[in-house]
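Report on the structure given below.
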Number of protein chains: 2
Amino acid sequence: MKKICVGILGLGTVGSGVVNLLDEQRELIKRRLGVEICVSRVADRSVFTKNKTARGVAPENMGTDFEAVIDAPEVHVVAELIGGTDDARRHILRAIGKEKPVVTANKAVLAVHGEEIFAAAEKAGCPLGFEASVAGGIPIVRNLREAFAADKIERLAGILNGTCNYILSCMTEVGADFGETLKRAQELGYAEADPAFDIDGVDASHKIAILANLAYGTPVDVEEYHTEGIRHITSVDIDFARELGYRIKLIAMAGEKAGKLDIRVHPMMLPESHPLAQVGGVYNAVAVSGVNAGPQVFIGKGAGSEATASAVVGDIIEVARWLENGGDSRIPAAAFLPDQRARLDILAPREISTRFYVRFAALDKPGVLSRISGVFGEHDISLETVVQKGRADEDGYARLVLLTHKATEENMQNALEEISRLDVVQPAYALIRVESDGMAFM
Amino acid sequence: MKKICVGILGLGTVGSGVVNLLDEQRELIKRRLGVEICVSRVADRSVFTKNKTARGVAPENMGTDFEAVIDAPEVHVVAELIGGTDDARRHILRAIGKEKPVVTANKAVLAVHGEEIFAAAEKAGCPLGFEASVAGGIPIVRNLREAFAADKIERLAGILNGTCNYILSCMTEVGADFGETLKRAQELGYAEADPAFDIDGVDASHKIAILANLAYGTPVDVEEYHTEGIRHITSVDIDFARELGYRIKLIAMAGEKAGKLDIRVHPMMLPESHPLAQVGGVYNAVAVSGVNAGPQVFIGKGAGSEATASAVVGDIIEVARWLENGGDSRIPAAAFLPDQRARLDILAPREISTRFYVRFAALDKPGVLSRISGVFGEHDISLETVVQKGRADEDGYARLVLLTHKATEENMQNALEEISRLDVVQPAYALIRVESDGMAFM
């Protein structure tokens with residue numbers, strides 16, 4: 001039986017998971033693939049300082065020299081599992097330069113250097129697998145590339161960051177505030193010591209950039225669209241949301257609208273019957289709506305050594321099939337043929353419409369609501385629900401919650417600027433977008 | 001640009017959907033695939049009597065001769081969309097005999113003649129696509145074959161029949177009984193005039209046979225396992241289930257247990273927080289639990305012209321890639337290499353354990369519960385919950401509902417036989433299995 005050898009770059013959580021999985025499922029892989037897959041070389045920065053081992057890999061084949069692994073003649077496939085952007089980019093391009101297929105779990109390098117990497121892979125005729133880069137074990141990359149190949153994708157919306165989903169789920173269930181919940185998540189290992197990358201939405205933003213790229217055949221620049229995290233979500237708003245029948249989730253979404261790309265990452269209130277509203281804890285989920293396939297939802301583990309390793313090994317198996325096959329017409333890495341990709345412009349705030357939840361601290365006296373709703377009206381924003389809750393505080397301010405009908409981002413920002421200058425409200429307000437495109441399809 | 005030509009057998013709902021989709025998404029397919037796909041020939045039994053047309057197909061290329069379409073030299077791929085078993089089997093084998101790849105949406109022919117068809121396709125080295133045969137637009141076949149290729153699948157559980165799910169959802173929401181809900185479903189076109197195939201679980205049984213085959217690399221004989229439909233589900237039991245925090249769904253499931261296959265189709269009470277419990281209406285869903293990937297759920301449209309056509313065309317695109325490629329080491333149709341498939345025995349009733357819901361009409365007097373629970377105890381069945389509801393009827397019988405802990409099917413059948421002979425209960429009872437393997441992972 002033929003043997004395909006993998007060179008592993010990075011022996012952290014995911015790298016170790018891949019080594020173990022290839023060893024554990026060796027027989028199963030042979031039964032499905034007819035080829036043996038083994039790990040022949042491993043490079044990791046701290047392989048000696050931390051005395052790392054890899055199951056089934058001889059000590060002399062482990063070291064700190066990444067380039068030696070990439071260049072080793074016996075290595076057929078390179079698995080880039082170090083994360084980060086600069087070194088990862090260099091290693092991936094080096095492997096592609098040697099016409100070695102690459103499998104990566106790294107969303108950051110693809111979100112930032114994706115175009116360069118896709119182009120290099122296409123030029124070299126070299127497969128590039130990155131299923132593990134988005135939503136861990138959920139096969140969303142594969143499905144966008146293959147299952148939806150004949151379908152125009154209307155919208156994608158996902159819970160793509162497990163840390164944020166864990167924090168929001170806990171805040172919803174326990175009623176705790178953001179700070180203490182984050183602390184608990186850090187203690188449990190669900191949030192990094194420096195959590196900014198996750199909780200400010202950057203990680204979800206990288207992931208939706210990759211998915212939008214696949215779905216619409218367009219390069220996507222993460223700097224060009226709105227990315228908002230969950231730091232400002234309070235238990236007060238979570239409670240109001242629940243009273244109104246909603247859950248708050250960090251949603252990364254992309255859709256095509258009149259030849260432009262509607263792409264953004266921000267917290268969103270979803271009706272509690274919405275399939276994404278039900279996804280709790282560290283789970284991830286992606287809802288995809290195809291013109292023909294209709295709406296579909298994929299739910300699964302978004303992180304963790306085993307789920308991510310499972311996606312990496314799935315890609316390695318696909319590469320092994322390609323290596324065995326010797327053909328040259330495989331699925332394009334970026335789903336569309338390179339010369340058929342076309343950059344879509346991103347919608348401007350005046351072109352994006354959604355419903356909004358706004359909470360003010362407003363003076364609890366007659367005429368205040370009429371002044372506020374007057375400003376909204378001037379900006380073409382109509383109100384769906386108004387809730388005044390509880391008694392005024394000692395300064396006379398009470399919580400005023402408004403749900404609007406659909407309005408543009410631009411009109412809302414202008415209205416809020418004007419309202420926050422009124423003498424009847426405090427300048428600070430809470431603003432959360434509300435699901436408004438009928439994704440609630442169950 | 002190259003052109004791949006499809007011969008369509010059967011121009012019913014799905015066939016027309018495929019013709020339309022290939023026409024509508026011609027440009028998108030070219031952008032993703034680099035190949036043009038067209039329909040060159042169509043055969044349908046009633047093409048003349050019903051004056052059928054197919055978009056983009058010249059009248060002289062439409063007829064009633066299926067074999068002429070299969071044999072036509074310009075047809076590269078055959079799409080079998082006539083349904084049924086005998087004719088479909090013959091057409092599929094004929095196409096494979098001519099080394100033409102086949103795409104089918106037909107679960108019955110695969111559940112009944114799958115082994116013969118898989119073997120013929122492997123022998124001819126000819127791809128066989130059947131994504132559309134299970135769960136319509138949900139790419140579950142693709143994911144079992146590819147995304148889970150490195151993962152041992154612990155269990156599969158699905159809502160695979162939209163008619164049953166529509167009826168059970170309506171009964172739950174409206175409180176109507178089975179008969180009137182079925183009638184409404186028939187009026188709305190969600191159930192056939194002869195609904196037996198759906199509501200007796202046969203359709204779901206065919207589908208789980210196909211999925212188990214892919215997941216475990218084993219031939220599966222639909223005659224060998226328990227298939228139970230939803231005719232006996234009453235609004236009384238749906239109400240009790242709801243009071244206890246459950247929803248009743250028709251679940252088709254398969255899992256491996258000690259080298260044997262646990263496969264069955266029957267109604268099941270799922271905790272209302274279970275992801276499958278939330279799937280309403282005509283939607284389908286499949287939960288797959290991989291040792292490494294963890295639990296995943298796929299939700300989408302299980303039927304309908306467009307969703308099914310979308311899956312058929314996805315397979316046609318995959319075949320087109322293979323035709324373009326010229327390689328020979330594609331993914332095996334049945335997920336495992338032919339010589340690596342091994343028949344698993346199916347678990348006997350004494351080897352299957354689950355929780356049960358049982359409802360009796362029992363005399364409302366002291367000592368009755370103790371006699372009933374005594375019989376259960378003798379058969380090694382312990383009770384979790386006992387609910388007696390409402391007043392006794394004029395004959396003195398009241399509704400007695402019991403939820404058991406896990407017990408074997410065999411013990412339960414024996415206990416029920418004994419209890420139904422007691423003079424304190426009426427002989428008829430309701431029995432529904434209760435989810436008991438911790439699938440509630442959200």
Side-chain angles (χ1 to χ4, degrees), chain A residues 17 21-22 25 28-34 131 137-139 142-143 146-152 217 273 275 278-281 283 290-301 304 306-307 309-311 313-314 316-318 321 324-332 335-337 340 442, chain B residues 17 21-22 25 28-34 131 137-139 142-143 146-152 217 273 275 278-281 283 290-301 304 306-307 309-311 313-314 316-318 321 324-332 335-337 340 442:
Chain A
L21 179 51
L22 284 172
Q25 304 297 1
L28 184 72
I29 292 170
K30 278 199 244 170
R31 281 184 68 197
R32 290 211 175 107
L33 182 65
E131 183 63 74
I138 304 176
R142 179 182 307 276
N143 284 298
E146 302 176 39
F148 283 89
D151 209 348
K152 197 167 153 58
S273 62
Q278 320 268 356
V279 176
Y283 278 89
V291 170
N292 294 287
Q296 299 199 348
V297 183
F298 303 82
I299 307 171
K301 284 192 182 170
E306 292 182 333
S310 164
V313 174
I316 291 174
I317 288 176
E318 194 175 313
R321 286 197 172 106
E324 274 297 287
N325 187 329
D328 61 0
S329 171
R330 51 173 218 301
I331 303 164
F336 285 79
L337 295 172
Q340 294 293 325
M442 298 322 214
Chain B
L21 178 51
L22 284 172
Q25 304 297 0
L28 184 72
I29 292 169
K30 279 200 243 169
R31 281 185 68 198
R32 291 210 175 107
L33 181 66
E131 184 63 75
I138 303 176
R142 178 182 309 275
N143 284 297
E146 301 176 41
F148 283 88
D151 210 348
K152 195 167 155 57
S273 62
Q278 319 270 356
V279 176
Y283 278 88
V291 170
N292 294 287
Q296 300 199 347
V297 183
F298 302 83
I299 308 171
K301 284 192 182 171
E306 292 183 335
S310 164
V313 175
I316 292 174
I317 287 175
E318 195 175 311
R321 285 198 173 104
E324 273 297 286
N325 188 328
D328 61 0
S329 171
R330 55 179 213 297
I331 302 165
F336 286 79
L337 295 172
Q340 295 293 325
M442 300 322 217

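Note on naming: letters A, B, ... go to the chains in the order of the sequence lines (proteins, then strands), and numbering restarts at 1 for each one.
Heavy-atom pairs under 4.5 Å with chain B peak, among A/V291, A/D151, A/V313, A/I29, at A/D151. In terms of heavy-atom pairs under 4.5 angstrom with chain B, the leader among A/A307, A/G34, A/A150 is A/A150. The most heavy-atom pairs under 4.5 Å with chain B, out of A/S310, A/G314, A/G290, A/G137, come from A/S310. When each of B/G17, B/G217, B/A147 is scored by its heavy-atom pairs under 4.5 Å with chain A, the top score falls to B/A147. Each of B/E318, B/K301, B/E146 has some count of heavy-atom pairs under 4.5 Å with chain A, and the biggest count is that of B/E146.
Listed for the A/Q340 side chain is no donor-acceptor partner under 3.5 Å among the backbone atoms of B/K30. Formation of a donor-acceptor pair under 3.5 Å by the B/R142 side chain with backbone atoms of A/R142 is not found in this model.
Of the atoms belonging to A/N143, it is side-chain heavy atoms, and not backbone ones, that fall under 4.5 Å from chain B.
Remark: A/R31 pairs with no residue by the side chain to side chain donor-acceptor pair (under 3.5 Å) rule, at least two apart or across chains. Looking at residues two or more places apart in sequence or on another chain, you find a side-chain contact (heavy atoms from CB on, under 4.5 Å) between B/A309 and B/V18, B/L21.
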- So A/I138 and A/I299, side-chain contact (heavy atoms from CB on, under 4.5 Å) or not? Walk me through it. CA-CA 7 Å; A/I138 304 176; A/I299 307 171; 5.5 Å; no
